[in-house]
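This report concerns only the one structure given below.
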There are 2 protein chains.
Amino acid sequence: MSNINHTLIADFPVFESFSTQELNLVLNNAKSLRYPIGEIIFEQSAPAHSYFFLLHGHIRVTKITPEGKQIGVRYINPGEFFGITEAIGIDRYPATATAAIDSIILCWPSSNWHPLMKDVPKLADKMLKILGRKLQQTHTRIIELTTQSSEQRIANVLLDLSQNSGRQVGENTEITFPISRQDIAEMTGNTLHTVSRILSNWESRSIVKSGRKRISITNLEALKALAQKNT
Amino acid sequence: MSNINHTLIADFPVFESFSTQELNLVLNNAKSLRYPIGEIIFEQSAPAHSYFFLLHGHIRVTKITPEGKQIGVRYINPGEFFGITEAIGIDRYPATATAAIDSIILCWPSSNWHPLMKDVPKLADKMLKILGRKLQQTHTRIIELTTQSSEQRIANVLLDLSQNSGRQVGENTEITFPISRQDIAEMTGNTLHTVSRILSNWESRSIVKSGRKRISITNLEALKALAQKNT
DNA sequence: CGGTAGGTTGATCGCCTTCAAATCGTGTGG
DNA sequence: CCACACGATTTGAAGGCGATCAACCTACCG
C-alpha cells in the first residue's frame with residue numbers, strides 16, 4: 001500500500017471515474033518529490049528510469065538539436081503525465097524537463113509501467129487518448145509554423161498559455177509561471193529580438209503588459225484577433 | 001473467416017511473429033479495395049467510418065488550415081496503417097488521404113477496432129509503438145522547420161523519401177511515385193518557386209535529376225551533406 | 001551595490017515570398 | 001496523328017519580414 005493518499009490525485013480529470021481501489025493501485029509504487037525552480041527532472045537522451053505526473057507547479061520541456069540549438073516543446077500543467085517513454089516503446093527521454101517553478105511531482109519506476117497498465121486497463125485507454133491529443137497538438141504546431149507570421153505564432157502561444165496556465169487577476173489574465181522572451185522565442189521559432197519587438201509593440205497598444213519573465217494579457221479579444229489570419 | 005489470404009500481409013514487418021491464426025483474426029472483417037491515382041480515400045473532418053492498411057502503392061496525406069492553405073503531412077508506404085482514428089479516440093479524420101499512385105488497401109469498419117485490439121493484444125502493442133514513432137517524427141519535423149534553411153529542409157525530405165519510398169536505378173535513387181514541386185513545397189513549408197529554384201540549382205550541380213513530377217537523386221552523399229548543418 | 005541575466009532598440013542584410021511572364025510536357029479530342 | 005489546352009516548371013525582378021550584429025538599459029540577486 002502506498003503512503004500517498006488517493007485524494008491527492010482523485011480530482012484530476014485523468015482519474016475521473018476511478019474507484020478508490022484503482023487510485024490506490026495507481027499510487028502503489030509511486031514516490032512524491034519536490035523540485036525547486038530551475039531543477040532538471042530528466043535530461044534528453046538519458047536512460048529513462050521513471051515516468052512522472054505533475055501534482056503542482058509547471059514543467060518546461062525542451063529539445064536540443066544535433067547542432068546545439070534549443071527549442072521549446074511545451075509546458076506541463078498539473079494533472080498531466082510526462083516522460084512516459086514506456087508508452088511509446090523508447091528507453092531514453094526524448095527531451096529535457098525542467099521545473100519552471102517550484103513543483104511537486106509523482107514518479108514511478110519505468111518497470112512499473114506495464115504491470116500498472118495491465119492492472120488498470122482504464123488508465124491504458126486514457127494514455128492512448130493523451131498520446132493522440134499530443135500528436136494532434138504537434139500537428140497544429142506544424143501548421144502554425146508553416147503558415148503563420150511571427151506575430152500570429154506568438155499570439156497563439158500566448159493564448160494557449162493563458163488558457164491552460166493562466167490566472168485571472170482583475171481585468172487581466174496572467175501567466176502563472178516565469179517565462180522569458182527567450183522561452184517564447186524557442187517555442188515559436190523566432191529570435192528573442194523579434195519576440196521582444198512584438199511584445200513591446202503590443203504593450204504600446206495595451207494588449208499585453210509584461211515585465212521581467214512575466215506576461216499578462218490585458219486585451220484578450222485583441223490578441224485573439226491577432227492570432228487569426230488577417231492582413 | 002476472411003476471404004483474404006493471410007500470406008498477403010504476413011511478410012510486412014508489423015505482422016512479424018504473428019501466427020497464421022492471429023493473421024486470420026486480423027483479416028476477419030477486412031475488405032480489400034483498389035484506389036486509382038488521384039482518388040480520395042478519406043477527407044479531413046469527415047466522420048471516420050473505417051481504418052486502413054496499405055498493401056501496395058502510395059498514399060499522400062494532407063491537411064488544410066482554417067484559412068484554406070494546404071500542407072503536406074506525409075506519404076504512406078506499403079505496410080503501414082493509416083486513418084486509425086479509433087486508436088487516439090477521435091471520430092473524424094484529422095487529414096485527407098489521396099492515392100499518390102494506383103494503390104491497393106485493406107479496410108476495416110471503425111467499429112472493428114476495439115474488438116480486434118482485444119482479440120490480438122500483440123497488435124495493440126504495435127499500434128502504440130507506431131503512434132510513438134509518429135509523434136517523434138512529427139517533433140523532428142518541427143525541429144527542422146524552426147532551425148533549418150529551406151534548402152536543408154528540402155534535402156531532408158528528399159532523403160527521407162528516397163529512403164522510404166526510393167528505388168535504385170543504376171547509380172540513381174528515384175522516388176517511386178509522382179511528386180510535384182508543389183507537393184514538396186507543402187511538406188517543407190516553402191513556396192513552389194523556392195523549391196523549383198533549389199532543385200534547378202541542384203540539377204546544375206548534378207545532385208538530382210528531375211522532371212515533371214519525377215525526382216531522382218544522383219548524388220546521395222552531396223545531398224546528405226546539404227541536409228547537415230553547414231554554412 | 002556591483003554583477004549578471006534579461007530586455008530593449010537601432011541598423012543592416014539576406015533569404016524567401018510575391019508578382020509576373022514565359023516555356024515545357026502530356027494527354028486528349030478532333 | 002496533330003494541334004491545342006492546361007498543368008507543371010522555370011526564371012526574373014522587387015520587396016519585406018525577420019535574422020543578425022551591436023549597443024545599451026534595467027531589474028533582481030547575492
Side-chain angles (χ1 to χ4, degrees), chain A residues 36-38 60 65 67 69-72 98 100-101 144-155 157-158 175 177-205 208-216 226 229-231, chain B residues 36-38 60 67 69-72 98 100-102 144-155 157-158 175 177-205 208-216 226 229-231:
Chain A
I37 185 171
R60 192 167 72 103
T65 71
E67 294 87 37
K69 228 182 134 177
Q70 187 166 265
I71 71 160
T98 318
I101 194 172
E144 288 177 1
L145 281 169
T146 55
T147 64
Q148 301 185 336
S149 67
S150 281
E151 190 170 54
Q152 283 174 58
R153 296 195 314 262
I154 295 170
V157 165
L158 247 49
I175 291 165
F177 51 82
I179 183 167
S180 69
R181 313 290 138 124
Q182 179 68 43
D183 293 333
I184 295 177
E186 284 172 5
M187 284 204 292
T188 55
N190 289 118
T191 59
L192 81 161
H193 307 278
T194 301
V195 174
S196 177
R197 273 180 242 275
I198 287 172
L199 285 184
S200 293
N201 176 267
W202 287 352
E203 185 131 18
S204 75
R205 289 157 63 191
V208 303
K209 215 164 136 13
S210 75
R212 187 191 179 78
K213 287 200 160 211
R214 275 188 30 270
I215 299 179
S216 160
L226 284 169
K229 132 107 178 263
N230 39 17
T231 316
Chain B
I37 185 171
R60 193 167 72 104
E67 294 86 36
K69 227 182 134 177
Q70 187 167 264
I71 72 159
T98 318
I101 194 173
D102 291 358
E144 290 178 359
L145 281 170
T146 55
T147 65
Q148 303 185 334
S149 66
S150 280
E151 189 169 53
Q152 283 173 58
R153 296 194 316 261
I154 294 171
V157 165
L158 247 48
I175 292 166
F177 51 83
I179 182 167
S180 69
R181 313 288 190 247
Q182 178 68 43
D183 292 333
I184 294 178
E186 284 172 5
M187 283 203 293
T188 55
N190 288 117
T191 59
L192 81 162
H193 307 277
T194 302
V195 174
S196 177
R197 275 180 240 274
I198 287 171
L199 285 184
S200 293
N201 176 266
W202 287 352
E203 186 131 18
S204 75
R205 298 201 267 153
V208 302
K209 212 165 138 13
S210 75
R212 187 192 178 78
K213 287 199 162 210
R214 275 189 28 265
I215 299 179
S216 161
L226 283 169
K229 132 108 176 255
N230 40 16
T231 317

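These figures come from a predicted structure and were not determined experimentally. Proteins come first, then strands; the chains are lettered A, B, ... in the order of their sequence lines, and each starts at number 1.
For the OP1/OP2 pair of D/dG18 and a distance below 4.0 Å, the side-chain nitrogens and oxygens of A/Thr191 include no atom meeting the criterion. Considering only side-chain N and O atoms, A/Asn190 lies under 4.0 angstrom from the phosphate OP1 or OP2 of D/dA19. Applying the 4.0 Å criterion to OP1 and OP2 of D/dT9, one finds that B/Ser196 has every side-chain N and O outside that range.
Using a 4.0 Å heavy-atom distance criterion, A/Ser150 is classed as a sugar-phosphate-only contact. Using a 4.0 Å heavy-atom cutoff across all strands shown, A/Ser180 reaches sugar-phosphate atoms only and no base atom. In this structure, B/Arg212 reaches the bases: a heavy-atom distance under 4.0 Å links it to at least one base atom across the strands shown.
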Exercise. What do the steps show when you test A/Trp202 against A/Ile215 for side-chain contact (heavy atoms from CB on, under 4.5 Å), and what is the final call?
Worked result: CA-CA 11 Å; A/Trp202 287 352; A/Ile215 299 179; over 6 Å; no
For this session: Show the numbers, then the answer: is there a side-chain hydrogen bond (donor to acceptor under 3.5 Å, both in side chains) between B/Asp183 and B/Ser180?
Result: CA-CA 5 Å; B/Asp183 292 333; B/Ser180 69; 3.2 Å; yes
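Counting only heavy atoms from C-beta on, B/His193 has its side chain closest to C/dA20 among C/dA20, C/dT17, C/dT9. In the set D/dT11, D/dT9, D/dT20, the nucleotide with an atom closest to the side chain of B/Leu192 is D/dT9. The side chain of A/Arg197 sits closest to C/dT9 out of C/dG7, C/dT17, C/dT9. Of the candidate nucleotides C/dC16, C/dT8, C/dA11, C/dC16 has the atom lying nearest to any side-chain atom of B/Thr194.
Between A/Arg214 atom CZ and D/dT26 atom C1' the separation is 14 Å, expressed in whole Å. Taking atom CD on B/Gln182 and atom C1' on C/dT17, their separation rounds to 14 Å, with Å as the unit. A straight line from CG of A/Asn201 to C1' of D/dG18 spans 14 Å, rounded to a whole angstrom. We find that CZ of A/Arg181 is positioned 19 Å from P of D/dC25, with the value rounded to whole Å. Distance B/Ile198 CD1 to D/dT10 C1': 14 Å, rounded to the nearest Å. Atom CH2 in B/Trp202 sits roughly 15 Å away from atom P in D/dT9 (whole-Å rounding). The interatomic distance linking A/Ile215 (CD1) with C/dG7 (P) rounds to 8 Å, in whole Å. Summarising the geometry, the separation between CD on B/Glu203 and C1' on D/dA8 is reported as 14 Å, rounded to the nearest angstrom.
Counting only distance, with no hydrogens or angles, the side chain of B/Asp102 and the backbone of B/Ile37 share a donor-acceptor pair below 3.5 Å. At least one donor-acceptor pair under 3.5 Å links the side chain of B/Thr188 to the backbone N or O of B/Ile184. Side-chain atoms of B/Arg153 come within 3.5 Å of backbone N or O of B/Gln148 as a donor-acceptor pair.
Taking the P atoms as reference points, D/dA22 lies 22 Å from C/dG7, given to the whole Å.
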